[in-house]
Protein chains: 2
Amino acid sequence: MVDNDLKERIKKAAVEHFNTNGYHGTTIRNIAKEVNCSLPMIYYYYENKKELFDEIIKKDFFALLKRQASLLKIDNVIDFYTKFIYDLNFLSDYDKKVYRLGIKVYLSFDGDEELMSLMDEWEKSILPRHHQLLKPYIKNAADETAVVRTLVHLLETMIQNIVVKNRHLPEAEIREEISIVLRNFL
Amino acid sequence: MVDNDLKERIKKAAVEHFNTNGYHGTTIRNIAKEVNCSLPMIYYYYENKKELFDEIIKKDFFALLKRQASLLKIDNVIDFYTKFIYDLNFLSDYDKKVYRLGIKVYLSFDGDEELMSLMDEWEKSILPRHHQLLKPYIKNAADETAVVRTLVHLLETMIQNIVVKNRHLPEAEIREEISIVLRNFL
DNA sequence: GTACAATTCTAACGAACGTTAAATTAAGAG
DNA sequence: CTCTTAATTTAACGTTCGTTAGAATTGTAC
């Protein structure tokens, strides 16, 4: 994320501020000060505060989610999920902040009903996607849906630890937890 | 939570607003309007906006956490944890909102560093507490700490689903997921 | 160099914010 | 009924907010 272009720098600063101070706690003036431009420049590139916020969530956050979801070359299921989570540790700072902001909207800390419904739609797609993904590897299908659900729940917590709480999760811990959920299943 | 007393009604409305609009998005005027009193009445009962916010987190949220943590009569571990989570579904509306607000502070959506460090301290106590709790029931201690960690992570997601996302989690689903993590362990 | 468009700025607008001073009303004691 | 204190209100303060009008600057094409 090289920041030469002013429009991009504004968005970058906005992500930072929205994350730290929330939507209402973020002021256009603070963003302008941070990127060292005058206040109306922000209105030159973005219609208003809300549009700036929405662009981050609608474009950058969902793009990030889709990028994540498309990394689907599985050979070993546990390796795959471990890598899936572990790699989050090494997202760029900007991507992590966008992710964090998205999760905040998802947990309805900020954002409006339109954004919320976009989130809901995304969320509904998660379980089926992972179920599909795991299907070919299931050996013991006794409590299939429950295991997939548990796995997804576990992934969710680990994502939040890395992205929202900004912790580093060691690969070994990730692998252990995923294995615990998936044993007796693969 | 009967609301006769004005001070209590103010706090109740504040929880509602802080939850929906965040700290900065909440205005004293809106709170006053909601409880049908004049604006300075809020300053009659609370020093300022920040003190009102802090009282909710420091008193009500932590009281709630401690109340939850003290429900420790175990006979069957899975029964216990299932009930522990399932009962969250039936918290009073007020308690749920306080819980939700607390989690938001915990995830640093609002609140200052003082509150954050209170949260950190609490968080550090969680793993040891559950480890202690599970100790007498462990049969297969091969990956003891990992299982406890996985369980706590799973509990966290379920708490967030109930309290933050305001979903109802059926007892059967809770039990299934806890059992999946704890099998081969008890 | 001149013309024109794309950037960027200074300065201000009205509205809403947190907070407070001071006046008013309600309640309880003697 | 009077005095005193508690509860509540009206009205305003200074500040900061999101936003915009309009001027100044910079870049580009001929």
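Residue numbering restarts at 1 for every chain, and letters A, B, ... go by the order of the sequence lines.
Within the 4.0 Å cut-off from OP1 or OP2 of C:dT7, not a single side-chain nitrogen or oxygen of A:Tyr45 is found.
As judged by a 4.0 angstrom heavy-atom cut-off over every strand, A:Tyr46 is placed among residues making no nucleic acid contact.
For B:Lys97, the salt bridge (charged side-chain N to carboxylate O under 4.0 Å, His left out) test picks out B:Glu16, with sequence neighbours left out. The side-chain contact (heavy atoms from CB on, under 4.5 Å) test applied to B:Thr27 returns B:Arg29, B:Asn30, not counting sequence neighbours. Looking at residues two or more places apart in sequence or on another chain, you find a ring pair (Phe, Tyr, Trp, His ring centres under 6.0 Å) between B:His130 and B:Tyr81. With sequence neighbours excluded, no residue satisfies side-chain hydrogen bond (donor to acceptor under 3.5 Å, both in side chains) with B:Thr82. Here B:Lys83 pairs with B:Asp87 under the side-chain hydrogen bond (donor to acceptor under 3.5 Å, both in side chains) rule; sequence neighbours left out. Listed by chain and residue number, A:Glu144 satisfy the side-chain hydrogen bond (donor to acceptor under 3.5 Å, both in side chains) test with A:His131 (two or more places apart in sequence, or in another chain).
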> For every nucleotide of nucleotides 11-26 of chain C, 5' to 3': is a protein heavy atom under 4.0 Å from its base (B), only from its sugar-phosphate (S), or from neither (-)?
Replying inline: -B----BBBB------

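No side-chain heavy atom of B:Tyr43 sits under 4.5 Å from any side-chain heavy atom of B:Glu51.
Listed by first and then second residue, the salt bridge (Lys or Arg N to Asp or Glu O under 4.0 Å) pairs that reach into residues 172-183 of chain B are A:Asp143-B:Arg183, A:Arg149-B:Glu173, A:Arg149-B:Glu176, A:Arg149-B:Glu177, B:Asp79-B:Arg175, B:Glu171-B:Arg175, sequence neighbours excluded.
Bracketed by its first and final contacts, the part of DNA chain D lying under 4.0 Å from non-hydrogen atoms of chain B reaches from D:dA6 to D:dA12 in 5' to 3' order.
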